[in-house]
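Notes follow the structure.
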Amino acid sequence: MKANRTLAIISLSLLLVSAACTPCATMRSDPPAPVAFYLVDASGGSPFNNPNAGMHPDSIQLILDGEPFNYLFTGTDEKVNNLIFETYPVLYTKSRVRMLLRLNSLNTDTLDIAYTVNRGKCYTDYTYSAFYFNGKELKRQPETGYLQLQVL
């Protein structure tokens, strides 16, 4: 009788442990990748080098749904010889976001980012599908993955 009770307790314990260890418990999706971009003027140079542009990297703001939205300033990338900005625009309830890029008090541009939402059994994956700057479609640069935004 004692052996049956011990076997029953061990069996029940194993059953509970195996039920708690579903494959999804150990799987995590990667967070959405950041969208990295840099700004250029009409000649392809950095607008921050042009004193007439009235722009400074610290004054750049992203606005999402009427609220300031943080971005990461990552420094200069020598491949493009420019300042790189990164943002994480994925809103988990939408598949497209519109961000306003405020360059200075006189100049605000629009960056639209579309992404697909793939809901799997264990987690949801987000993949960027299109980028639009002031209504024109943009492609990421193949060698860096950056978006080049012409602002002046």
Determine which pairs satisfy salt bridge (Lys or Arg N to Asp or Glu O under 4.0 Å) with at least one residue from residues 103-117, sequence neighbours left out, and list them in order. Arg98-Asp112
As an exercise, state the distance from CG of Leu111 to OG1 of Thr87, rounded to the nearest 0.5 Å. 8.5 Å
Which residues pass the side chain to side chain contact (heavy atoms under 4.5 Å, CB included) test with Gln141, not counting sequence neighbours? Tyr38, Val80, Glu143, Thr144, Tyr146, Gln148
Leu101 and Phe37, any side-chain heavy atoms less than 4.5 Å apart: yes
Glu137: which residues meet the side chain to side chain contact (heavy atoms under 4.5 Å, CB included) condition with it, sequence neighbours left out? Ala130, Tyr132, Lys139
Apply the side chain to side chain contact (heavy atoms under 4.5 Å, CB included) test between Leu103 and each candidate in Leu149, Thr108, Leu39; give the one that qualifies. Leu39
Would you mind listing the cluster partners of Leu100? Hydrophobic ones only (ILVMFWY), side-chain contacts under 4.5 Å, chaining allowed. Ile63
For the CG atom of Asn134 and the OG1 atom of Thr110, what is their distance to the nearest 0.5 Å? 5.5 Å
Under the ring-ring contact (aromatic ring centres under 6.0 Å, His included) test, residues paired with Phe133 that sit two or more places apart: none
Suppose we screen for side-chain hydrogen bond (donor to acceptor under 3.5 Å, both in side chains). Which residues come up paired with Thr127, at least two apart in sequence or across chains? Asp125
Looking at residues at least two apart in the chain, or sitting in another chain, which of them share a side-chain hydrogen bond (donor to acceptor under 3.5 Å, both in side chains) with Ser43? Asp41
Taking all non-hydrogen atoms of both residues into account, name the closest pair between Glu86 and Ala36 and its distance. CG-CB, 3.9 Å
Working to the nearest 0.5 Å, report the span between CZ of Arg96 and CD1 of Ile113. 10.0 Å
How long is the gap from CG on Leu138 to CG on Leu147, to the nearest 0.5 Å? 5.5 Å
Reported CG-to-CG distance for the pair Asn49 and Asn82, which is rounded to 0.5 angstrom: 7.5 Å
Heavy-atom pair of closest approach, residues Phe69 and Tyr88: CZ-O, 3.2 Å
Donor-acceptor pairs under 3.5 Å, side chain of residues 51-60 to any protein atom, not counting sequence neighbours: which ones?
unit_1: His56; atom_1: ND1; unit_2: Asp58; atom_2: N; d: 3.0
unit_1: Ser59; atom_1: OG; unit_2: His56; atom_2: N; d: 3.4
unit_1: Ser59; atom_1: OG; unit_2: His56; atom_2: O; d: 2.7

